[in-house]
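Reviewing the structure listed below.
On a predicted model such as this, the values are computed, not experimentally measured, just so you know.
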Amino acid sequence: MIGIVVVSHSRPLARAAVALAAQMVPTDGAPAIAVAAGVDEDTLGTDATAVAEAIAHVDSPDGVLVFVDLGSALLSTEMALEMIEPDLAARTVVTPAPLVEGLFAAVITASTGAPMDVVRREAENALSMKTGHLAAGN
């Protein structure tokens, strides 16, 4: 099963998104999820070292899918990929998927044992229901 990392500027935001998604799957069938968010509980920011540690923590032969919230979270993640072992970096995928909807879809899909390409696709298509609904109303 793939591992999942959430990189956010806000630790409470990341933990809330993970808690929401985790409620959809049984605890014993959930993918490993790590949060690399905030400098501490109250200070916003990202830290490449924390991201690298989170990726290593949830590493799986099936890969690691990383969600980011804003631009510098992506920059910290890119730096982290340069800090970790090349094998681990090669099986780590950073997704442009929306944080909440994408994470929700990824956790559910990963819990079925789906491979990285399927989990990633589901995460990245997670906004389609919302965008379709809103487009139909215009």
Check whether more than 12 heavy atoms from other residues, nucleotides or ligands sit under 6.0 Å from atom [atom1] of [X], and answer yes or no.
X	atom1	value
Met24	CE	yes
Met116	CE	yes
Glu85	CD	no

Rounded distance [0.5 Å steps], [atom1] in [X] versus [atom2] in [Y]:
X	Y	atom1	atom2	result
Ser76	Leu70	OG	CG	11.0 Å
Arg11	Asp40	CZ	CG	6.0 Å
Arg120	Glu122	CZ	CD	13.5 Å
Ile84	Arg91	CD1	CZ	8.5 Å
Leu20	Glu101	CG	CD	9.5 Å
His133	Lys130	NE2	NZ	11.0 Å

Of all the heavy-atom pairs spanning [X] and [Y], show the shortest one and how long it is.
X	Y	answer
Pro98	Ala123	CD-O, 3.8 Å
Ala80	Val51	CB-CG1, 3.6 Å
Pro31	Ile2	CB-O, 3.5 Å
Asp69	Leu13	OD2-CD2, 4.3 Å
Val25	Ala30	CG2-CB, 3.6 Å
Ala105	Ala126	CB-CB, 4.2 Å

Are [X] and [Y] joined in one hydrophobic group, where the rule is that I, L, V, M, F, W and Y side chains link up if heavy atoms are under 4.5 Å apart?
X	Y	answer
Ile33	Val119	yes
Phe67	Val7	no
Val64	Leu74	yes
Ile4	Leu99	yes
Leu88	Leu65	no

query: Would Val68 and Thr46 satisfy side chain to side chain contact (heavy atoms under 4.5 Å, CB included), going step by step from the backbone distance to the final call?
result: CA-CA 10 Å; Val68 297; Thr46 60; over 6 Å; no

Thr131 side chain to Ser128 backbone, donor-acceptor under 3.5 Å: yes

- prompt: Short question: side chain of Ser60, backbone of Met1 - any donor-acceptor pair under 3.5 Å?
  reply: yes

query: Does Asp59 reach the side chain of Ile55, with side-chain heavy atoms less than 4.5 Å apart?
result: no

- prompt: Does some side-chain heavy atom of Val18 sit less than 4.5 Å from a side-chain heavy atom of Leu103?
  reply: yes

